[in-house]
Amino acid sequence: MGQQIERVSGLGFTHLHVDHVQGIQAVCESKASDTKRLIALHTSDQFGIHNLHTADQSELLKNSACVQQIELADSVHSSLQFPGLGVYPLGGHTPGSTLFAIPIENKLWLLSGDITNTKKDLVENNAKGLIYSYVIVPENVKRQEQLRVWLAALDAQKNISVVVSHDAKALIKSGVSKWAPPKNNER
Ligand SMILES: [Zn+2]
């Protein structure tokens, strides 16, 4: 984003696995590094409950010079800082896995993180497999199944689109606009 990174005022993490959080170091080293300038919204589960694969990234965020962490109370799913943005605890993939709900014009975008690794697996209710879910990335497989069914039903609705973190092809197909620098009169 170059200089445009200064326009970013907040961050949301679907969960605290290293591949979703490590970019914060580059962000803080950039021009956005003014002390605690970036607000990160966390559910209380994401803020407080960690496992072997999320604890280090929780520390990374706590010690990050450019991030101000805000923990939402259990019954609170929105914030004063980002009105209209919904933040919901999911669990399943990690204890603190979180859904971000973003209404834009007449469409609701749901960012589901790594509940599945592909959109196809979400729509078809495919589990990731025992080796993945028990050995590589310990997950709550029962909860994951509940979430797949629920999210697939939402995705089937006309004005709702579920976005899966690691499925770039599905992301492009979803119609999310690619980030582009603003034109001069929009700066
Ligand atoms: Zn993950």
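Ligands are counted one by one from 1 in listed order, and the atoms in each one are counted from 1 as well.
In this structure, NE2 of H15 and NE2 of H93 enclose an angle of 100° at the Zn ion (ligand 1), rounded to 10°.
Counting only heavy atoms from C-beta outward, the side chains of V87 and T43 approach each other to under 4.5 Å.
More than 12 non-hydrogen atoms from other residues, nucleotides or ligands lie less than 6.0 angstrom from CD1 of I104. Environment of NZ in K169: sparse, with no more than 12 heavy atoms of neighbouring residues, nucleotides or ligands closer than 6.0 Å.
The atom of H17 that is an N, O or S and sits closest to the Zn ion (ligand 1) is ND1. Looking only at its N/O/S atoms, D114 has OD2 as the one nearest to the Zn ion (ligand 1).
Note on D155 versus K119: salt bridge recorded, some NZ/NE/NH1/NH2 to OD/OE distance being below 4.0 Å.
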